[in-house]
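Sequential numbering from 1 along the given sequence is applied to the chain's residues.
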Amino acid sequence: YDNFGNRTVGFQIMADRNASNDVVVRSSLLKHILCSEELRRRFVLSIGNGNKVLYRSSEATNYLNVYDEYIENLLLVVHVGSGMPARATELETYRVKNGPSTSRNVFYLKPQVFFHCEYSKSRSIRAANKGVSRFMNEEASLVLLKDLLVVRPFVCSIATFLELNPDDIYS
């Protein structure tokens with residue numbers, strides 16, 4: 001389920017209220033990698049104190065590069081697959097996680113992901129924003145949810161390990 005009313009800083013789409021912050025617990029993809037002998041040998045150098053995963057830098061870098069290409073394609077799907085294409089300035093406002101001064105605006109309403117933002121090209125004239133909601137189709141919603149819930153926590157872990165996650169850009 002998705003809790004539309006939760007405005008707690010850090011709360012994100014479909015977040016489990018009881019989830020641990022431990023990356024091994026949060027990332028189902030990382031759990032899968034750790035349980036697979038072949039994948040563990042390929043990606044994981046060792047597991048240190050406090051379950052901190054130390055990755056093989058070359059494999060982690062390659063994975064992050066592939067993910068960055070994939071995410072560009074996913075952005076295209078979001079752009080054209082959620083109704084009338086959004087303006088670039090509108091796309092920049094999409095947030096999956098609450099911040100200290102702004103709430104997220106990406107939600108899940110089974111079976112679709114939708115984006116709701118306050119945007120208006122004529123804001124300077126009308127002195128008010130207009131709420132714009134865009135709904136993705138079921139198939140594209142499923143792809144986006146899998147990215148946000150399965151792949152992204154693993155990517156965030158890799159990017160943080162490689163010190164390539166300034167300002168939490170992969171979260």
**OP:** Run the numbers on Val143 and Met136 for side chain to side chain contact (heavy atoms under 4.5 Å, CB included), then give the verdict.
**Re:** CA-CA 10 Å; Val143 171; Met136 296 184 68; over 6 Å; no

**OP:** Apply side chain to side chain donor-acceptor pair (under 3.5 Å) to Ser133 and list each qualifying residue two or more places apart in sequence or on a separate chain.
**Re:** His116

**OP:** List in chain and number order the residues that pass side chain to side chain contact (heavy atoms under 4.5 Å, CB included) with Val96, two or more places apart in sequence or in another chain; answer none if no residue qualifies.
**Re:** Ile13, Val106, Leu148

**OP:** Determine, using the 4.5 Å side-chain heavy-atom cutoff (strictly less than), whether Leu54 and Leu162 are members of one ILVMFWY cluster.
**Re:** yes

**OP:** Taking all heavy atoms of Asn3 and all of Phe11, pick out the closest pair and write down the distance.
**Re:** O-CE2, 3.7 Å

Original post:
Do any pairs count as a salt bridge (charged side-chain N to carboxylate O under 4.0 Å, His left out) and have a residue in residues 141-157, sequence neighbours left out, and if so which ones?
Top reply: Asp147-Arg152

Subject >> Ser141 side-chain N/O to Val113 backbone N/O, donor-acceptor pair under 3.5 Å >> reply: yes

Original post:
Quick one: hydrophobic cluster around Val66, which other residues, with the 4.5 Å side-chain cut-off, linked directly or via members?
Top reply: none

Original post:
In the hydrophobic cluster built from side-chain contacts under 4.5 Å, what are the other members alongside Phe114?
Top reply: Phe4, Phe107, Leu109, Phe135

Original post:
Linking I/L/V/M/F/W/Y whenever their side-chain heavy atoms sit closer than 4.5 Å, directly or via other members, would Tyr63 and Ile47 fall into one cluster?
Top reply: yes

Original post:
For Tyr67, which residues count as a ring pair (Phe, Tyr, Trp, His ring centres under 6.0 Å) partner, sequence neighbours excluded?
Top reply: Tyr70

**OP:** List for me each residue that meets salt bridge (charged side-chain N to carboxylate O under 4.0 Å, His left out) alongside Asp68, sequence neighbours excluded, and say none if there are none.
**Re:** none

**OP:** Using the salt bridge (charged side-chain N to carboxylate O under 4.0 Å, His left out) rule, collect all pairs that involve residues 36-49, keeping only residues at least two apart or in two chains.
**Re:** Glu37-Arg40, Glu37-Arg41, Arg42-Glu59

Original post:
Is there a path of hydrophobic side-chain contacts, each under 4.5 Å between heavy atoms of I, L, V, M, F, W or Y residues, that connects Leu142 with Ile71?
Top reply: no

**OP:** Indicate yes or no for a side-chain donor-acceptor contact from Asn105 to the backbone of Phe115 under 3.5 Å, with no hydrogens or angles considered.
**Re:** no

**OP:** Can you tell me which residue pairs pass the salt bridge (charged side-chain N to carboxylate O under 4.0 Å, His left out) test with a partner in residues 133-143, sequence neighbours excluded?
**Re:** Glu90-Arg134

**OP:** Answer yes or no: is there a donor N or O on one side and an acceptor on the other, between the side chain of Ser36 and the main chain of Leu39, under 3.5 Å?
**Re:** yes

**OP:** Kindly write out the residues that satisfy ring pair (Phe, Tyr, Trp, His ring centres under 6.0 Å) with Phe161, not counting sequence neighbours, or none if the list is empty.
**Re:** Tyr55

Subject >> CG-OG distance between Leu29 and Ser157, expressed to the nearest 0.5 angstrom >> reply: 10.0 Å

Original post:
What pairs with Thr160 under side chain to side chain donor-acceptor pair (under 3.5 Å), at least two apart in sequence or on another chain?
Top reply: Asn165

Original post:
Is there a donor-acceptor pair under 3.5 Å between the side chain of Asn98 and the backbone N or O of Ser103?
Top reply: no

Original post:
Quick one: side chain to side chain donor-acceptor pair (under 3.5 Å) partners of Ser57, sequence neighbours excluded?
Top reply: none

